[in-house]
> 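Starting off with a structure, shown below.
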There are 4 protein chains.
Amino acid sequence: MTGVTEDPVSAETRRGRPRSAASHQAVLTATARLLTCGEYEYDDVTVERIAAEAGVGKQTIYRWWTNKAGVVLEAVLTGHLRLDFSPVPETGDLRADLLAWVSETLDETFTEGHRSMARSLISALVTGGAETDSLLAASQIWEESPVADRLRAERDVGRLRADLEPSAAAAALASPLVLRLITSGRPQDSWAHSLVDIVLDGAWAR
Amino acid sequence: MTGVTEDPVSAETRRGRPRSAASHQAVLTATARLLTCGEYEYDDVTVERIAAEAGVGKQTIYRWWTNKAGVVLEAVLTGHLRLDFSPVPETGDLRADLLAWVSETLDETFTEGHRSMARSLISALVTGGAETDSLLAASQIWEESPVADRLRAERDVGRLRADLEPSAAAAALASPLVLRLITSGRPQDSWAHSLVDIVLDGAWAR
Amino acid sequence: MTGVTEDPVSAETRRGRPRSAASHQAVLTATARLLTCGEYEYDDVTVERIAAEAGVGKQTIYRWWTNKAGVVLEAVLTGHLRLDFSPVPETGDLRADLLAWVSETLDETFTEGHRSMARSLISALVTGGAETDSLLAASQIWEESPVADRLRAERDVGRLRADLEPSAAAAALASPLVLRLITSGRPQDSWAHSLVDIVLDGAWAR
Amino acid sequence: MTGVTEDPVSAETRRGRPRSAASHQAVLTATARLLTCGEYEYDDVTVERIAAEAGVGKQTIYRWWTNKAGVVLEAVLTGHLRLDFSPVPETGDLRADLLAWVSETLDETFTEGHRSMARSLISALVTGGAETDSLLAASQIWEESPVADRLRAERDVGRLRADLEPSAAAAALASPLVLRLITSGRPQDSWAHSLVDIVLDGAWAR
DNA sequence: GCGTAATCGAGACGGTACGTCCCGTCTTTCA
DNA sequence: TGAAAGACGGGACGTACCGTCTCGATTACGC
């Protein structure tokens with residue numbers, strides 16, 4: 001969407017003060033819009049296109065970010081572009097909840113829109129260089145995920161091992177899904193359920 | 001393994017000069033050589049450079065593959081370019097072996113060379129479009145990993161649950177490492193060890 | 001007429017399958033067809049296109065000619081591709097006849113089809129190298145033109161100077177038209193008529 | 001002189017950074033330099049080489065001209081690249097002067113360097129398409145030639161017919177030479193002298 | 001009448017230039 | 001005076017042809 005948007009907010013702010021904050025926002029929302037519209041992959045979303053979509057000069061983008069990866073990454077980390085992990089259901093039965101979450105996640109995210117966004121995020125990280133790494137490092141992505149939160153809660157009420165590292169467990173569960181998401185196709189449900197079994201029960205024979 | 005553009009119909013009676021398998025191979029080995037020499041990242045390895053290194057015309061590359069990503073990906077999947085996972089030690093103590101493997105993997109692969117290659121692989125996947133997906137889908141990358149092999153062996157002698165899915169367990173262990181590898185910096189050893197505990201013992205309190 | 005690369009020695013005892021005269025003809029007619037259809041300029045008529053149009057292998061063309069210029073030139077010189085100079089009218093009044101011829105030539109040839117063909121011929125000469133030069137040198141293009149014929153006839157009956165070189169006079173009349181044909185647009189009739197006056201009357205004041 | 005793609009409308013209020021006249025000039029001088037240095041023919045002078053020689057991006061060339069032919073043609077028509085016709089001697093004897101000029105022109109220009117440049121010019125014309133035609137149409141190439149100038153002067157002092165069209169006479173003299181220049185080899189001096197006789201004396205018997 | 005040899009159409013080969021697109025920087029004009 | 005517009009130098013892309021080469025199939029001649 002381009003021409004129609006004469007945003008009243010940006011119209012007023014344009015007067016006395018520089019539009020800087022408005023432009024900054026416009027870039028992030030434009031980036032999110034382009035990436036979610038389903039028409040463009042990461043590589044197709046050029047800086048020029050973002051600038052045009054945001055109604056912003058290219059230089060304005062380079063004033064705030066070092067490159068496209070930074071823009072995309074900030075769009076993700078600030079929530080303009082959500083890699084929407086579903087919330088974990090709360091039936092009281094942890095295994096059933098996790099199984100439900102995995103299934104839902106697979107169903108929800110194995111749509112082209114979500115895959116494209118995940119790829120974009122990874123691309124941004126991969127091509128972004130050192131400063132994007134630090135951006136992500138500060139984001140505590142696993143620690144704040146719905147899965148980690150749930151596992152932490154279960155541990156705190158004693159249902160899970162006291163020495164459990166919730167972020168590690170969440171990573172063990174979610175990382176394989178993410179890798180599958182950006183690479184191969186949707187895995188079998190049985191494969192995903194095995195994952196839950198492993199994380200909960202471990203591999204040892206009893 | 002033939003190129004991604006290979007057509008089963010053409011197996012009948014192809015007219016004209018047949019495609020040169022030698023050129024095909026030369027491209028893959030040249031790609032591997034460039035990516036391994038430590039001098040170039042994925043983006044620095046241009047199609048023209050590959051062609052020059054392989055002593056091949058650029059058009060020949062585009063005759064076999066749709067783009068650079070396809071070339072790199074096939075180089076990986078055919079083993080010309082190895083993402084060298086360390087072998088798992090065999091002391092008899094599975095936990096100790098996996099811990100050792102994780103530590104070694106972290107040490108070995110968190111060198112710029114390995115990270116670069118991982119980034120290249122991911123870039124190829126992410127920019128490659130649909131046909132690279134199918135290439136990877138057929139690759140059984142986790143099923144063939146040293147970790148999956150070891151877990152399968154342990155299961156077969158009864159030390160691990162009979163219903164264990166080795167590839168899922170291997171994914172639970174390795175995927176988080178891969179994601180860290182291509183994104184943030186080297187994780188703490190303690191974080192990695194938590195991962196081993198989860199995969200072996202599970203999360204449940206005893 | 002055989003191709004420029006034809007070797008008289010080889011005509012005697014050639015082994016193997018003889019060259020196909022049919023293919024040779026097909027190439028020339030295909031070249032003429034492509035160049036006259038109005039769709040292609042000289043540069044657009046590639047060897048590949050000629051081969052396809054003629055239903056002939058590319059190598060067959062290179063077996064007979066050294067390059068495209070040779071093909072086009074032979075097509076012209078053998079009459080497959082005619083640079084149709086109109087005949088000169090024969091009313092008995094030389095000046096009127098030449099004026100009429102000039103006007104008709106301008107009208108007829110300043111159509112895109114003819115211009116394109118003239119350009120093609122010139123291109124062939126310009127890009128063709130030494131052997132195409134000799135081809136043309138042997139063709140006596142001005143000596144055989146309708147204008148030269150007419151001037152020669154008039155000279156032989158004593159109406160023109162006995163020492164007149166008909167080919168030079170024809171060149172003086174036709175060359176400016178050809179150059180205009182391949183470069184600028186149609187000249188004024190008055191400009192063309194001045195040309196006739198100069199060739200007939202000369203420039204001296206009387 | 002502005003480029004062929006220049007648009008009169010754009011003269012009003014152009015936004016953004018204005019086009020660099022310096023780059024425009026640099027391209028033309030670089031083109032002339034390459035074509036004059038004797039090392040390259042028209043086909044050897046690639047757009048990339050021009051850009052490099054001019055210290056200019058390739059895109060900048062395509063921003064001003066539609067193709068290489070346009071560049072070369074403008075270089076010629078703006079005098080950056082001179083098709084150096086010799087000046088006509090001034091002994092007072094017009095016939096002797098023109099004969100001398102013809103001989104000198106033949107000697108001077110039938111060197112590979114001049115032929116190469118003439119071929120380049122013709123190639124540019126022939127491959128340039130419609131917009132190069134208009135460029136040339138406006139160029140008055142014959143009207144400004146040394147020969148036309150001399151003829152005009154002689155007419156103005158009454159030695160040549162008052163109704164003589166100098167450009168037509170110059171064309172009658174020079175065009176045959178140009179055509180010979182780009183096609184066959186150097187003509188006989190006698191042939192060239194016949195040309196002068198025709199232009200001065202005309203063809204009629206006296 | 002059977003091999004030998006050169007041709008045929010077809011199309012891939014190593015090259016090279018093309019014209020387009022994008023990067024990240026710069027230089028204007030406008031509000 | 002800050003930002004939009006857009007040209008700049010640079011460089012990779014994917015396409016189109018060039019002229020050569022290699023296929024299987026075909027077609028003549030000489031043995």
Side-chain angles (χ1 to χ4, degrees), chain A residues 14-15 17-20 22-23 43-49 51-52 54-63 65-68, chain B residues 13-20 22-24 26 43-49 51-52 54-68, chain C residues 10 13-20 22-23 26 43-49 51-52 54-68, chain D residues 13-24 26 43-49 51-52 54-68:
Chain A
R14 194 189 289 231
R15 273 291 173 268
R17 288 291 298 169
R19 272 189 66 177
S20 54
S23 294
D43 281 342
D44 306 325
V45 177
T46 66
V47 174
E48 240 142 32
R49 219 190 289 272
V56 143
K58 208 166 29 154
Q59 189 64 238
T60 300
I61 294 182
Y62 283 107
R63 201 170 288 124
W65 297 275
T66 58
N67 50 33
K68 185 176 62 170
Chain B
T13 43
R14 283 264 226 125
R15 308 285 309 259
R17 180 177 178 172
R19 293 193 181 173
S20 160
S23 293
H24 186 230
D43 284 340
D44 307 322
V45 176
T46 66
V47 174
E48 221 143 39
R49 216 192 290 272
V56 144
K58 199 163 34 153
Q59 188 65 64
T60 297
I61 294 183
Y62 285 106
R63 207 172 281 123
W64 287 89
W65 297 276
T66 57
N67 49 34
K68 187 175 61 170
Chain C
S10 62
T13 46
R14 284 267 223 115
R15 308 263 319 199
R17 179 177 179 174
R19 292 190 183 173
S20 158
S23 294
D43 281 342
D44 306 325
V45 177
T46 65
V47 174
E48 238 143 33
R49 218 190 290 272
V56 142
K58 202 161 38 149
Q59 188 63 74
T60 298
I61 294 181
Y62 285 106
R63 206 172 284 124
W64 289 88
W65 297 275
T66 58
N67 50 34
K68 185 178 62 171
Chain D
T13 44
R14 284 264 227 122
R15 307 286 310 261
R17 180 176 177 173
R19 292 193 182 172
S20 160
S23 294
H24 186 230
D43 283 339
D44 307 323
V45 177
T46 66
V47 174
E48 220 143 38
R49 218 193 289 273
V56 145
K58 199 163 34 152
Q59 188 64 65
T60 298
I61 294 182
Y62 284 106
R63 206 173 281 122
W64 287 90
W65 296 276
T66 57
N67 50 33
K68 186 175 61 171

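The sequence lines fix the lettering, A, B, ..., with proteins before strands; numbering per chain opens at 1. Hydrogens, waters and symmetry mates are skipped; everything else that's a heavy atom, side chains included, is used.
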> Nearest heavy-atom pair of A26(B) and A54(B): which atoms, and what distance?
O-CB, 3.5 Å
> dG14(E) C1' sits how many Å from R19(B) CZ, rounded?
16 Å
> Rounded to whole angstrom units, what separation is found between the NZ atom of K68(C) and the P atom of dG19(F)?
9 Å
> Whole Å only: how far is the CD1 atom of I61(B) from the P atom of dC13(E)?
11 Å
> Does T60(D) put a side-chain nitrogen or oxygen below 4.0 Å from OP1 or OP2 of dA7(F)?
no
> Looking at every heavy atom in both I61(A) and V47(A), which two are closest together, and how far apart are they?
CD1-O, 3.9 Å
> Would you please name every residue forming a side chain to side chain donor-acceptor pair (under 3.5 Å) with T66(A), sequence neighbours left out?
E131(A)
> Just how far, in rounded Å, is P of dG11(E) from CZ of R15(B)?
7 Å
> Please name all residues satisfying side chain to side chain donor-acceptor pair (under 3.5 Å) with Q59(B), sequence neighbours left out, ordered by chain then number.
none
> Please state how far atom CZ in R17(D) lies from atom P in dC30(E), giving the value in whole angstrom units.
17 Å
> Looking at dT22(F), I'd like to know if its phosphate oxygens (OP1 or OP2) sit under 4.0 Å from a side-chain N or O belonging to S20(B).
no
> For DNA chain E, whose closest nucleotide is more 5', that of A51(C) or that of P18(D)?
A51(C)
> Verify the contact: side-chain N or O of W64(B) to OP1 or OP2 of dC13(E), cut-off strictly under 4.0 Å; return yes or no.
yes
> Kindly write out the residues that satisfy side chain to side chain contact (heavy atoms under 4.5 Å, CB included) with R17(C), not counting sequence neighbours, or none if the list is empty.
none
> Tabulate atom names and distances for all N/O pairs under 3.5 angstrom spanning the protein and nucleotides 20-22 of chain E.
{"residue": "dC21(E)", "atom": "N4", "partner": "Q59(D)", "partner atom": "OE1", "Å": "2.9"}

> Quick one: on DNA chain E, does V45(A) or G55(B) contact a more 5' nucleotide (nearest heavy atom)?
G55(B)
> Under the side chain to side chain donor-acceptor pair (under 3.5 Å) rule, collect the residues that match up with S20(D), sequence neighbours excluded.
S23(D)
